[in-house]
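A, B, ... follow the sequence lines: proteins, then strands. Residue 1 opens every chain. None of these values were measured; they are calculated from a predicted model.
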Amino acid sequence: MKILNEAYFNLSPLSVARRLLGCTVVRLLGGERLSGRIVETEAYGGLRDPSCHVVRRDERIWSLLSGSPGVLYLHRTYRHWLLNITCDAVGEPACVLIRALEPTGGEERMRQRRRGARDLTNGPARLVEALAIDFAWEASALPRAEFWLEAGEPVPEERVLNTVRIGLTRGKDLPWRFAVRDNPWVSRSLEAVLSGAPLSPGL
DNA sequence: CATTTGATGTTCT
DNA sequence: GAACATCAAATGC
């Protein structure tokens, strides 16, 4: 099993977001292996992204996103944390948000972490809680001893859904979200996304 | 099933 | 006070 490192993430956020579908996230927690297959991602950053207020706001974040690819960036919104991995060449600020996982191991422990909530990993903040991803890991490189990603069976093109990103106020029109079509763990259905902003005809 | 609403904590204006 | 890369519970069909 190939463990992903800096080299894997040294591509544009769009390429990395697309390639991460089908890869596996692994978390070792108290000797137990929690894992999930990535089924939904979003690309962020780069000069074309108007939602890069996240980048401009803070010199530290700018440095983090412009630095080495394959580094953890944990973004907070409300009381939740969202898991991002930096990507693209050094000097190009970019990252990919992991939005949903299909659990493949350790579901009971995940449910404990989620305090019995019905939904385990079908949302960016839910999966962070289910896997007990720690904010202290911020700015550290993959792989870590207790957290890493593994290459998976590539998802064929006809199984990939490409839509606009979810939950944003700026950059709503960019089709930078990728998901496994019809996968029950994806955070929102195709129909729900279509009822919002329209798909870009080019993609 | 879909949609709405309130909680939430930090940052920015 | 407003804004926010969210979530869970409540409400409407």
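Here Arg114(A) pairs with Glu129(A) in a salt bridge; the nearest charged N to carboxylate O distance falls below 4.0 Å. With salt bridges taken as basic N to acidic carboxylate O contacts below 4.0 Å, one links Arg33(A) and Glu150(A). Between Arg188(A) and Glu40(A) there is no salt bridge, since no side-chain N of the basic residue sits under 4.0 Å from a carboxylate O of the acidic one.
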So what does the secondary structure string of DNA chain B come out as, 5' to 3', with Watson-Crick or wobble pairs under 3.5 angstrom, [ ] for crossing and | for pairs with another strand? |||||||.||||.

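When all heavy atoms of Pro143(A) and Leu4(A) are compared, the closest pair comes out as CD-O, 3.9 Å.
Look at OH on Tyr73(A): it is 10 Å from P on dA5(C), rounded to the nearest Å. Per the geometry, CZ belonging to Arg76(A) stands 19 Å off P belonging to dA3(C), to the nearest Å. Note: CZ (Arg170(A)) to P (dA5(C)) measures 8 Å, nearest angstrom. Residue His75(A) contributes atom NE2, which lies 5 Å from atom P of dA5(C) at whole-angstrom precision. Atom CG in Asp173(A) sits roughly 15 Å away from atom P in dA5(C) (whole-Å rounding).
Annotation: salt bridge (charged side-chain N to carboxylate O under 4.0 Å, His left out) contacts involving residues 131-140 of chain A, sequence neighbours excluded, comprise Arg60(A)-Glu138(A).
The closest donor-acceptor contact from the side chain of Arg19(A) to the backbone of Tyr8(A) lies under 3.5 Å. No donor-acceptor pair under 3.5 Å is formed between the side chain of Ser140(A) and the backbone N or O of Leu72(A).
Nucleic acid contact for Arg118(A): none, since no nucleic acid atom lies under 4.0 Å from a heavy atom of the residue.
In this structure, Arg37(A) and Val155(A) have side chains that are in contact, with non-hydrogen atoms separated by less than 4.5 Å.
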Across nucleotides 6-13 of chain C, 5' to 3', mark each nucleotide with B, S or - according to how protein heavy atoms within less than 4.0 Å reach it. BSS-----

